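None of the values given here were measured: they were computed from a predicted structure.
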2 protein chains.
Amino acid sequence: MRQVPVQDSCLVERMRYYIDIDDANEALLRGLEKDEVSYKSRVKLHLQEKNTNLYILKTGWLYRYTDLPDNRRQVLRVHFPGDIVGLTDVAMEETIGDTMTASDVVLCPFPKRSMDVIFRQSPRLTALIFSLGMLEEAILLDRITMIGRSSALRRVTNYLLEIHSRLRTHTDDATFNSFEMLLTQEVIADALGLTNVSVSNAFGQLELDGKIIRNRKVITIVDPEKLKKELDFKDRYFRIDTSWFPSH
Amino acid sequence: MRQVPVQDSCLVERMRYYIDIDDANEALLRGLEKDEVSYKSRVKLHLQEKNTNLYILKTGWLYRYTDLPDNRRQVLRVHFPGDIVGLTDVAMEETIGDTMTASDVVLCPFPKRSMDVIFRQSPRLTALIFSLGMLEEAILLDRITMIGRSSALRRVTNYLLEIHSRLRTHTDDATFNSFEMLLTQEVIADALGLTNVSVSNAFGQLELDGKIIRNRKVITIVDPEKLKKELDFKDRYFRIDTSWFPSH
DNA sequence: CGAGAAATTGAGGCCAATCAAGAAGTGTGG
DNA sequence: CCACACTTCTTGATTGGCCTCAATTTCTCG
């Protein structure tokens, strides 16, 4: 993964993936991202307690989860670099779950109130942020289908494809098919409504079938396109409909 | 359920539940809702094929779903009167699933492109629509938790509470605790990743335990607040954080 | 190198799926 | 208003996949 110069905006980069951004809008976005906070791997973040901030995830992975009464846990969503963390919470008075880092991360906080600046000054950015929110929703819808109606093996396979697909919007390499898996099998299990045992078995099966190759934390999907066809996996995450966007 | 005069806007009514709306914004919203289309119960809607429209659900219930390869089905979300149908699809070039009516319904279509008019003219409505989208997302997050980590009985109970909670935003009666269930047990099953058999058993159990009373299609939750406490049900759907909203 | 975390492997049990048959409810046409 | 067909719901017996519990191995990182 290539090193991003400090003065580069992760958010701008992510958004340019989808639309053109003029100078005024770029300035607007850069204004959001001026602070930076770093955290170690596998720590709980208490940032959201007052729910007044949003965060842009600059580097690393993190996930949101809720603890359940019976000592279980449900992982709600995983975030990758360039994601806006906490969009859902904008609408709510309380946040929807706790946050934990899956690796060392760098976050850029900005106040919820900044959203209204964007809403007032740039219909175009508004449309994009709105669409990114809807895209996250589409991811959830797919996960519901995954969890509701598939075997453990299918859930895990689908999830790998989801991660593969989402990471691809952060790289220029169209042919990339391996990535470092920063989630433990237990986190994956908690995301898919399984146990670590089932996840381990599924990985073993996938390897046995020659669908993936594992080397330490690095997972290589042997033939992503073929696998997507087999599972009828809809690759929705790399493209949005910008045809209706306001021009500035 | 009280009869709404024809000239009333279902969307305006729904939005006034959350925020004040001035005359200019009301006119903006009413402009969206001028057409009306009616459909019979239990028919598939082919409206979304070109994915150029959004719809406001004026009366009745409908649901979105996807068919799976192995002849199963996953219900993704259910919509009640006042809901905006297809918000998620705004971001996508293709829609995320098919639509079926659960009862006779009346829909008000308006083109996707109208969204940009709102985005340009009213930051305040933009913030609200954005928040309503995020609210729908919160519903999905809760459903993921429901499906991922609960027994059949808990899933069904939680789902009844969700419906109860969501319907409450459409009525003035703070004490209402019964509603006509317009979904078949098979639809509920497909929403929760269960079979109709499990759903039937769960309903039977709930009745036996005195948690609900059934009379034809009408379900009465004996003590909603108590049940919510028991299940640690977070009632998120009746309130949003409007503190950061632009004033017009 | 050593301690703790993560992953693997195996045995046994349970919940919900599946299959199936019958009852109850719903809607339609005569 | 009733008869009939069809859908929906209920109930029971059997099966299977995933969970639970537990022991061991492998990995990670100070």
Side-chain angles (χ1 to χ4, degrees), chain A residues 40-44 61 63 68 70-75 100-104 146-157 159-160 180-208 212-219, chain B residues 40-44 63 68 70-75 100-104 146-160 180-208 212-219:
Chain A
K40 288 246 158 258
S41 183
R42 292 166 207 220
V43 295
K44 186 171 169 182
W61 295 12
Y63 59 90
L68 301 175
D70 53 347
N71 214 19
R72 292 156 179 261
R73 189 176 67 153
Q74 178 68 47
V75 168
M100 189 159 280
T101 59
S103 68
D104 292 351
M146 214 186 290
I147 296 177
R149 292 275 180 226
S150 325
S151 68
L153 181 59
R154 279 185 78 102
R155 291 190 213 186
V156 173
T157 315
Y159 199 51
L160 287 179
E180 191 178 1
M181 168 58 81
L182 297 176
L183 307 175
T184 67
Q185 293 185 0
E186 195 167 0
V187 175
I188 297 173
D190 287 337
L192 299 178
L194 296 168
T195 58
N196 61 334
V197 178
S198 300
V199 173
S200 176
N201 289 335
F203 272 118
Q205 189 62 45
L206 282 172
E207 201 165 27
L208 204 68
I212 64 170
I213 297 165
R214 284 186 292 175
N215 190 343
R216 305 273 171 175
K217 287 181 182 168
V218 176
I219 292 183
Chain B
K40 288 243 155 264
S41 183
R42 291 163 208 224
V43 295
K44 186 170 170 183
Y63 58 91
L68 301 174
D70 52 347
N71 215 17
R72 292 155 180 261
R73 188 176 69 151
Q74 177 68 45
V75 168
M100 191 160 278
T101 57
S103 68
D104 292 351
M146 213 187 290
I147 296 176
R149 292 275 180 228
S150 325
S151 67
L153 181 59
R154 278 185 79 101
R155 291 190 213 186
V156 173
T157 315
N158 251 293
Y159 199 50
L160 287 180
E180 191 179 0
M181 168 59 82
L182 298 177
L183 308 175
T184 67
Q185 293 185 359
E186 194 168 3
V187 175
I188 297 174
D190 286 339
L192 299 179
L194 296 168
T195 57
N196 61 334
V197 178
S198 300
V199 173
S200 176
N201 288 335
F203 273 117
Q205 189 63 46
L206 282 171
E207 202 165 28
L208 204 68
I212 64 169
I213 297 166
R214 285 186 293 174
N215 189 344
R216 305 273 174 174
K217 288 180 180 169
V218 176
I219 293 184

Hey, what do you get for [atom1] ([X]) to [atom2] ([Y]), rounding to the nearest 0.5 Å?
X	Y	atom1	atom2	answer
Leu68(A)	Gln74(A)	CG	CD	7.0 Å
Glu186(B)	Ser200(B)	CD	OG	12.0 Å
Leu153(A)	Phe203(A)	CG	CZ	10.5 Å

How close or far is atom [atom2] of [N] from atom [atom1] of [X], stated in whole angstroms?
X	N	atom1	atom2	value
Gln205(B)	dA16(C)	CD	P	11 Å
Met181(A)	dA6(C)	CE	C1'	14 Å
Leu206(A)	dT8(C)	CG	C1'	15 Å
Asn215(B)	dT26(C)	CG	P	10 Å
Ile188(A)	dA6(C)	CD1	P	12 Å
Ile147(A)	dA16(C)	CD1	C1'	17 Å
Glu186(A)	dC18(D)	CD	P	18 Å
Leu183(B)	dT7(D)	CG	P	19 Å

Interface polar pairs with nucleotides 23-30 of chain D, N/O, under 3.5 angstrom:
unit_1  : atom_1 : unit_2    : atom_2 : d
dT28(D) : OP2    : Arg216(A) : NH1    : 2.6

task = Taking only the side-chain heavy atoms of Arg214(A) (C-beta and beyond), determine which of dC19(D), dT8(C), dA16(C) contains the nearest atom.
result =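 Out of dC19(D), dT8(C), dA16(C), the nucleotide with an atom closest to Arg214(A)'s side chain is dT8(C).
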query = Given dT20(D), dC9(D), dA7(C), which nucleotide is nearest the side-chain atoms of Thr184(B)?
reply =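 Selected nucleotide (nearest to the side chain): dC9(D).
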query = Looking at Asp190(B) and Arg149(A), does any basic side-chain N land under 4.0 Å from a carboxylate oxygen?
reply =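 Looking at Asp190(B) and Arg149(A), the cut-off is met.
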inquiry  = Using a heavy-atom cut-off of 4.0 Å across all strands, would you classify Arg42(A) as base, sugar-phosphate, or nothing?
reply    =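 Sugar-phosphate contact only - Arg42(A) comes under 4.0 Å of backbone atoms but never of a base.
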task = Describe the nucleic acid contact of Arg72(A) in one word from base, sugar-phosphate, nothing, applying a heavy-atom distance below 4.0 Å.
result =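 Since only primed, P, OP1 and OP2 atoms lie under 4.0 Å of Arg72(A), the category is sugar-phosphate.
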Evaluation steps, side-chain contact (heavy atoms from CB on, under 4.5 Å), between Ile213(A) and Val218(A) = CA-CA 8 Å; Ile213(A) 297 165; Val218(A) 176; over 6 Å; no
message = If I compare all heavy atoms of Leu182(A) with all of Trp61(A), which pair ends up nearest, and what's the gap?
response =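 The pair with the smallest heavy-atom distance is N-CZ3, 3.4 Å.
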inquiry  = A side-chain contact here means heavy atoms from C-beta on lying under 4.5 Å apart; do Leu194(B) and Ile147(B) qualify?
reply    =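 Side chain of Leu194(B) against side chain of Ile147(B), heavy atoms only: no contact under 4.5 Å found.
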inquiry  = dT10(D), OP1 or OP2 - any side-chain N/O from Gln185(B) closer than 4.0 Å?
reply    =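 Yes, Gln185(B) has a side-chain N/O under 4.0 Å of OP1/OP2 on dT10(D).
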request  = Measure from the side-chain N and O atoms of Arg214(A) to the backbone N and O of Ile219(A), and report whether any donor-acceptor pair falls under 3.5 Å.
outcome  =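 The answer is no, because no donor-acceptor pair under 3.5 Å joins these two groups.
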inquiry  = One pair to check against side-chain contact (heavy atoms from CB on, under 4.5 Å): Leu160(A) and Leu206(A). What are the steps and the verdict?
reply    = CA-CA 11 Å; Leu160(A) 287 179; Leu206(A) 282 172; 4.0 Å; yes
task = Identify, residue by residue, the members of residues 193-204 of chain A with a heavy atom below 4.0 Å from DNA chain D, and return them in order of residue number, or none.
result =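 When residues 193-204 of chain A is checked for heavy atoms under 4.0 Å from DNA chain D, the hits, listed by number, are Gly193(A), Leu194(A), Thr195(A), Val197(A), Ser198(A).
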